[in-house]
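This structure is a prediction, so every number in the text was calculated from the model and none was measured. First listed ligand is number 1; within each ligand, the first listed atom is number 1.
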Amino acid sequence: MVQRLRVCFVCLGNICRSPTAEAIFRRMVEDAGLSDRIAIESAGTGAYHVGCPADPRARAHARARGYELNGTAQHFVANDFQRFDVVLAMDAQNLRNLRELEVPDHVQLSLFRHFDPTAPEGASVPDPYHGGDDGFEEVLDQCERASRGLLLALRQRLQESAGA
Ligand code: 4NP
């Protein structure tokens, strides 16, 4: 029986998209009463911002919807796959970067928006770093939609294994 699922959201810098996804999904998991069954982190495939807080624009847009981005950036390295069951890439480039590391059999690796039933196949959460306010709002919208689908999928996985 799966007691606990460990989830990591991964973007490039770990200062915009993946911390946003982490905060949104953590809130949904808390609201569902599943905090002791689903552990959540985020990381970046690039190391440029390691140790930095989330981008001030990402924090401000998230805060306006009631989410606090409190973590600091960490770099996803091959060994990190041992710590997670589900690894969710924000875009195709991050997915390629993760696949270049050795992915253990136990890890479910996919694009995050795969869990949004309204998103086209292969859809990314676009990088908002070099754009304007709209991009940060779009990230929040996309992460909220994908998080709902992800929660359904993980809840089912926990229940199926409980009944097995
Ligand atoms: P993120 O956004 O991958 O969503 O955290 C970016 C942050 C920084 C850079 C690129 C994307 N950068 O090139 O520094």
Side-chain angles (χ1 to χ4, degrees), residues 5-30 38-104 107-151 153-154:
L5 290 168
R6 303 160 300 170
V7 178
C8 189
F9 296 100
V10 180
C11 60
L12 177 59
N14 193 210
I15 57 170
C16 296
R17 291 166 292 175
S18 60
T20 300
E22 179 186 359
I24 290 170
F25 192 58
R26 178 168 292 122
R27 164 77 61 75
M28 286 188 194
V29 165
E30 282 168 7
I38 301 176
I40 308 159
E41 288 188 36
S42 66
T45 56
Y48 330 102
H49 299 282
V50 166
C52 297
D55 183 285
R57 297 164 298 170
R59 297 177 73 173
H61 284 270
R63 189 173 302 123
R65 296 195 195 191
Y67 306 110
E68 292 294 332
L69 311 188
N70 289 325
T72 51
Q74 55 179 352
H75 183 208
F76 193 99
V77 296
N79 240 1
D80 287 321
F81 278 122
Q82 303 303 330
R83 302 195 294 118
F84 299 108
D85 305 294
V86 181
V87 177
L88 298 159
M90 293 294 145
D91 63 33
Q93 182 61 55
N94 295 136
L95 185 62
R96 276 194 294 276
N97 292 344
L98 289 165
R99 284 191 173 136
E100 280 168 14
L101 307 173
E102 205 162 323
V103 187
V107 172
Q108 180 185 2
L109 171 62
S110 74
L111 286 171
F112 180 34
R113 291 189 74 199
H114 169 73
F115 290 91
D116 175 359
T118 68
E121 194 51 44
S124 291
V125 179
D127 180 357
Y129 189 70
H130 298 289
D133 288 344
D134 288 358
F136 288 90
E137 288 299 312
E138 186 177 56
V139 168
L140 282 157
D141 291 339
Q142 292 171 344
C143 289
E144 285 179 337
R145 285 199 296 271
S147 288
R148 283 186 210 109
L150 178 64
L151 182 60
L154 296 192

Kindly determine whether Phe81 and Glu102 satisfy side chain to side chain contact (heavy atoms under 4.5 Å, CB included), including the steps that lead there. CA-CA 8 Å; Phe81 278 122; Glu102 205 162 323; over 6 Å; no

Short side-chain donor-acceptor distance under 3.5 Å, Arg145 and Gln142: no

Would Phe84 and Val107 count as a side chain to side chain contact (heavy atoms under 4.5 Å, CB included) here? Give the steps. CA-CA 7 Å; Phe84 299 108; Val107 172; 5.6 Å; no

Quick note on ligand 1: atoms under 4.0 Å from a heavy atom of Gly13 include exactly 1 (P), 3 (O), 5 (O)

Check whether Arg27 reaches the backbone of Gly66 with its side chain - one donor and one acceptor, N or O, closer than 3.5 Å. yes

Any N/O pair His130/ligand 1 closer than 3.5 Å: no

For Cys16, the atoms of ligand 1 under 4.0 Å from one of its heavy atoms are 1 (P), 2 (O), 4 (O), 5 (O)

Can you check whether Ser42's main-chain N or O pairs, donor with acceptor, with Gln74's side chain at less than 3.5 Å? yes

N/O to N/O below 3.5 Å, does that happen between His49 and ligand 1? yes

Counting only nitrogen or oxygen atoms and a 3.5 angstrom limit, does Pro128 reach ligand 1? no

Taken in chain and number order and not counting sequence neighbours, the residues that satisfy side chain to side chain donor-acceptor pair (under 3.5 Å) with Asp80 are Arg83

Shortest protein heavy-atom distance from atom 1 (P) of ligand 1, along with the residue and atom involved: Cys11 SG, 3.5 Å

Judged on heavy-atom distance to atom 9 (C) of ligand 1, which of Phe136, Phe9, Tyr129 sits nearest? Tyr129

Answer yes if the side chains of Asn14 and His49 hold a donor-acceptor pair under 3.5 Å, and no otherwise. no

Closest heavy-atom pair and its distance - Arg59, Ala54: CD-O, 3.2 Å

Counting from 1 in the order shown, the ligand 1 atoms closer than 4.0 Å to a non-hydrogen atom of Ile15 are 5 (O), 7 (C), 8 (C)

Compare Met90, Gln93, Arg17 and give the one whose heavy atom is closest to atom 4 (O) of ligand 1. Arg17

Region of Asp55 engaging ligand 1 - heavy atom pairs below 4.0 Å: neither

Leu12 neighbourhood, listing ligand 1 atoms whose heavy-atom distance to it stays under 4.0 Å: 3 (O), 10 (C)

Close-contact set for ligand 1 against Asp127 heavy atoms, below 4.0 Å: 2 (O), 6 (C), 10 (C), 11 (C)

Say whether Ser18, considering both its backbone and side-chain N or O atoms, lies within less than 3.5 Å of an N or O atom on ligand 1. no

Could Arg17 and Tyr129 be counted as a cation-pi pair, given that NZ or CZ must be under 6.0 Å from the ring centre and within 45° of the axis? no

